[in-house]
Amino acid sequence: MAENFTSRAKDYSQWYNEIVEKAELAEHSEVRGCMVIKPYGFAIWEKIRDTLDKMFKDTGHSNAYFPLFIPKSYLNKEAAHVEGFAKECAVITHYRLKKSPDGNGLIVDPEAKLDEELIVRPTSETIIWNTYRKWIQSYRDLPLLINQWANVVRWEMRTRLFLRTSEFLWQEGHTAHATKEEAVEETEKMLGVYSDFAEKFMAMPVLRGTKTENERFAGAIDTYCIEALMQDGKALQAGTSHFLGQNFAKAFDVQFVTKENKSEFVWATSWGVSTRLIGALIMSHSDDKGLVLPPKLAPVQTVIIPIYKNEEQLEKISEKVQQIKKLLEKKGISVKYDDRTTHKPGWKFNEYEFKGVPVRIAIGPRDLENNTLEIARRDLLTKEITSQENIDTKIENLLTDIQSSLFNKAIKFRQENTHQTDSFVEFKELIENKGGFIYAHWDGTKETEEKIKEETKATIRCIPLNIVQENGHCIYSGKPSKQRVVFAKAY
RNA sequence: CGGGGUGUAGCGUAGCCCGGUAUCGCGCCUGGUUUGGGACCAGGAGACCGUAGGUUCGAAUCCUGCCACCCCGACCA
């Protein structure tokens, strides 16, 4: 399956595309810019979704569902929001088809034109805030902490599987609060949830920060983000959390009565991560042998492959495997026993390697005789013979070790690809030749950011949280600056 | 949406310049021998050549439109 697999060094984009396709994560649909997420890819998404869903509920949120279609006029109510999304909206104009008069196929029935056109949600702020108006009367109704798992559509010009598709799956949290402080706290809390998830489950280190005006969400006062570094030295925004201020409350007239019996606009947040995380996962850990998955998100954590010469041997091995499988499952480890007789062991080894299964156990007649097993780990591509004694604890520890080893490796990669400079000449050189994150001073203006982007293609990925204050001079304009920001070329 | 490229069996391809319905490999099916890192032998099935038109006695091949994908830009999670 993975013969003639392109290496990262040869063509990084092609390497990525081939992993997605050959590891059976997703494929292009018949509709431009859309993807079919295949069972193996969707299983990863389910792991991501289930883990995050629990984290959201643990922080007090409830799930709800809002409609796919939004009246066109809603989008118009928040000025910055329209500006940001109008150019990429799919629009519903009719609600019926009819037989073509010439008898060939179907046409849009001109008599079924909608009075008010609908758009397919690019995000749900507008319809949700229009609904919240009815739900919120008093400070007693606050905070309102809601999340929804949904698909959204943004008509993209250029798409890539998982990283940018016209339709994608995501979750969007939308919360309403009585005070600004509480809303900011919520925004930061959810950013924390995202960075915990990225680092502990995806084994992907992220920078936490805020966006500059240029990169901010359409309609937000502040956009917080987590930024990860991919193996090609480009940054990927992996999640965002927005402090929306009272922008949407004012646009949709969502007011509440305080304890003091005064009417005030509520304070809002929204936050989301999408199927893009799967792209991030692929580009964080995978290698020239294919996908590498962190144990905590791998649909199959351990695969067991029998090696045998005849039916009788297979039977004996299978018996043993069932015992081992039970032991492992008791520890909460997901196990797949691949006893297909249609493929040889070597073929299976390669298949699971390509699909990124963290641990592989091989068991043959020699192992039955010696009470041993061959254990191979995907991340380091090493294998060893070990006794069957305490196999459940061994595998459990091995999975833990792989999880942290992947994270450490990614941290190391990020360290090696993070630079600091005070010279624009060196900055350009770093961006051009090395990529990665670059910490540099910036004068805080939109103009400078745009000029730097024009000249180097690098953008400000974030203004890191908790960064030391340090007086310096903007790398481009020379004007004074109080702290460094992070630049990189981005996805 | 602009510039460049590609589209032939499930996948990768030859053929296209110089028109005569298609090559090879992998995979698939059947039988046998195999099984500790992508097995071997024998036989077999599978393609209206992306799509719609045009030129022609005849089009994978020449011409035009459209569609999809890839790369580079602008835009974006």
Side-chain angles (χ1 to χ4, degrees), chain A residues 1-6 11-14 16-18 21-22 24 27-35 83-89 122-123 152-172 194 211 214-218 223 225-228 235-242 270-280 289-290 305-311 313-314 317 339-354 360-370 372-374 376 381 383 385 450 453-454 457 459 461 490-491:
Chain A
M1 77 187 315
E3 285 167 288
N4 309 316
F5 177 47
T6 304
D11 186 338
Y12 193 82
S13 290
Q14 200 182 333
Y16 175 84
N17 292 336
E18 285 181 15
E21 186 195 329
K22 292 180 175 171
E24 301 186 286
E27 62 188 39
H28 290 281
S29 76
E30 296 304 304
V31 181
R32 179 198 172 86
C34 295
M35 64 176 163
E83 179 82 14
F85 288 108
K87 316 186 274 301
E88 49 188 34
C89 281
T123 178
V152 284
V153 169
R154 297 178 187 176
W155 214 260
E156 298 289 351
M157 290 299 146
R158 191 174 162 195
T159 59
R160 297 195 66 189
L161 293 176
F162 292 116
L163 296 173
R164 175 164 300 109
T165 46
S166 289
E167 181 195 19
F168 57 93
L169 305 183
W170 77 344
Q171 58 66 219
E172 42 180 327
Y194 288 157
K211 286 292 188 190
N214 268 347
E215 303 272 329
R216 200 172 289 155
F217 174 74
T223 287
C225 62
I226 52 171
E227 292 282 329
L236 183 82
Q237 176 174 308
T240 49
S241 182
H242 314 290
S270 70
W271 27 273
V273 296
S274 70
T275 34
R276 175 180 250 202
L277 287 179
I278 295 175
K289 295 263 184 189
I305 296 169
I307 291 150
Y308 55 91
K309 290 211 195 305
N310 53 51
E311 279 289 308
Q313 272 183 358
L314 177 60
I317 290 167
D339 60 353
R340 284 179 296 175
T341 54
T342 47
H343 296 277
K344 291 186 54 168
W347 193 94
K348 293 177 187 173
F349 289 178
N350 282 288
E351 182 184 27
Y352 294 109
E353 219 157 77
F354 198 86
R360 180 187 74 228
I361 299 175
I363 172 166
R366 283 209 303 265
D367 297 305
L368 283 188
E369 221 171 275
N370 306 329
T372 55
L373 296 167
E374 182 193 86
L381 293 165
K383 55 184 182 184
I385 307 287
E450 275 165 4
K453 186 179 177 183
E454 267 171 43
K457 289 179 189 164
T459 50
R461 297 325 304 151
Y491 273 94

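Just so we're on the same page: letters track the sequence lines, and every chain starts at 1.
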Closest to the side chain of A/H28, out of B/C70, B/G38, B/C75, is B/C70

B/G43 versus B/G4 - spacing of their P atoms, nearest Å:
49 Å

For B/A68, the nucleotide meeting Watson-Crick or G-U wobble distances (both under 3.5 Å) is B/U6

Under 4.0 Å, heavy atoms only, any strand: does A/T341 hit a base, just the sugar-phosphate, or nothing?
nothing

Scanning all shown strands, the Watson-Crick or wobble mate of B/G58 with both distances under 3.5 Å is none

Distance check, C1' atoms only: B/G19 and B/C62, in whole angstrom units.
8 Å

If I pick the C1' atom on B/U61 and the same atom on B/G31, what distance separates them, to the nearest angstrom?
41 Å

Closest-nucleotide ordering on RNA chain B, the 5'-leading residue of A/R154 and A/R158
A/R158

When rounded to the nearest 0.5 Å, the distance separating CD of A/E167 from CZ of A/R154 is 12.5 Å

Less than 4.0 angstrom between a side-chain N/O of A/R32 and OP1 or OP2 of B/A68, yes or no?
yes

Using whole Å, report how far CG of A/L314 lies from P of B/U35.
14 Å

Heavy-atom donor-acceptor pair, A/E353 side-chain to B/G37 base, under 3.5 Å
yes

Report the C-alpha distance between A/R32 and A/T159 in whole Å, list the side-chain angles of each, state the deciding distance to 0.1 Å, and finish with yes or no for side chain to side chain contact (heavy atoms under 4.5 Å, CB included).
CA-CA 9 Å; A/R32 179 198 172 86; A/T159 59; over 6 Å; no

If we call it a pair only when both distances are under 3.5 Å in a Watson-Crick or G-U wobble match, what pairs with B/C49?
none

Taking only the P atom of each, what is the distance from B/A22 to B/C67 in whole angstrom?
31 Å

May I ask you to verify whether the side chain of A/R360 and the base of B/G37 hold a donor-acceptor pair under 3.5 Å?
yes

For A/F217, which contact category applies under a 4.0 Å heavy-atom criterion: base, sugar-phosphate, or nothing?
nothing

Please state whether the rings of A/F217 and A/H242 are parallel, tilted or perpendicular, taking 30° and 60° as the class boundaries.
parallel

Rounded distance (Å) that lies between atom C1' of B/C70 and atom CE of A/M35:
18 Å

Less than 4.0 angstrom between a side-chain N/O of A/K22 and OP1 or OP2 of B/C26, yes or no?
no

Check A/L277, A/T123, A/T275 against A/W170 for a side chain to side chain contact (heavy atoms under 4.5 Å, CB included) and give me the one that passes.
A/T123

Is A/H343 near enough to B/A39 that one of its side-chain N or O atoms lies under 4.0 angstrom from OP1 or OP2?
no

Quantified in whole Å, what is the C1' atom distance between nucleotide B/A45 and nucleotide B/C66?
34 Å

For A/E351 and B/G37, give me the distance from atom CD to atom P, rounded to whole Å.
17 Å

Taking a pair to mean Watson-Crick or G-U wobble geometry with both distances below 3.5 Å, B/G73 pairs with B/C1

Result of checking A/I305, A/L368, A/I307 against A/I363 for side chain to side chain contact (heavy atoms under 4.5 Å, CB included)
A/L368

Can you identify which nucleotide, out of B/C75, B/G36, B/G38, has its nearest atom closest to the A/E374 side chain?
B/G36

May I ask which nucleotide in the shown strands pairs with B/A42, Watson-Crick or G-U wobble, both distances under 3.5 Å?
B/U30

Over how many whole Å does the gap from A/Y491 atom OH to B/C75 atom C1' extend?
17 Å

For atom C1', what is the distance between B/G58 and B/C48, given to the nearest Å?
16 Å

Does atom CD (A/E450) have a neighbourhood of more than 12 heavy atoms from anything else shown, all under 6.0 Å?
yes

Inspect the contact between A/R360 and A/E351 and indicate whether a charged nitrogen and a carboxylate oxygen are less than 4.0 angstrom apart.
no

Among the nucleotides B/C1, B/U35, B/G38, whichever has the atom closest to the side chain of A/M157 is B/C1

Is any side-chain nitrogen or oxygen of A/K309 closer than 4.0 Å to OP1 or OP2 of B/G36?
no

Base B/G37 paired with A/K383 side chain (donor-acceptor, <3.5 Å)
yes

What is the nucleic acid contact for A/L236, judged by heavy atoms within less than 4.0 Å: base, sugar-phosphate only, or nothing?
nothing

Between A/K344 and B/A39, is there a side-chain N or O to OP1/OP2 distance below 4.0 Å?
yes

With both distances under 3.5 angstrom, what nucleotide forms a Watson-Crick or G-U wobble pair with B/C17?
none

Have a look at A/G279 and say if it touches a base, only the backbone sugar-phosphate, or nothing, with a 4.0 Å heavy-atom cut-off.
nothing

If each of A/D367 and A/K87 is mapped to the nucleotide of RNA chain B with the nearest heavy atom, which maps nearer the 5' terminus, i.e. the 5' end?
A/D367

Please report the distance separating the C1' of B/U64 from the corresponding atom of B/C1, rounded so that it comes out in whole Å.
22 Å

Round to a whole Å and report the spacing from CZ of A/F5 to C1' of B/G12.
16 Å

Within the structure shown, what part of the strands sits under 4.0 Å from A/T165 by heavy-atom distance: base, sugar-phosphate, or nothing?
base

Say we look at B/G5 and B/C63: how far apart would their P atoms be, to the nearest angstrom?
14 Å

Between C1' on B/G5 and CG on A/D11, what's the gap in Å once rounded to a whole number?
13 Å

Main-chain N/O of A/C225 paired to A/Y194 side chain as donor or acceptor, under 3.5 Å:
no

At 4.0 Å (heavy atoms only), tell me whether A/T240 reaches a base, stays on the sugar-phosphate, or touches nothing.
nothing

Can you tell which of A/I361, A/T372, A/I317 makes a side chain to side chain contact (heavy atoms under 4.5 Å, CB included) with A/D367?
A/T372

Whole-Å distance between B/G5 P and A/N17 CG?
20 Å

Rounded to the Å, how far apart are A/E24 CD and B/C11 P?
13 Å

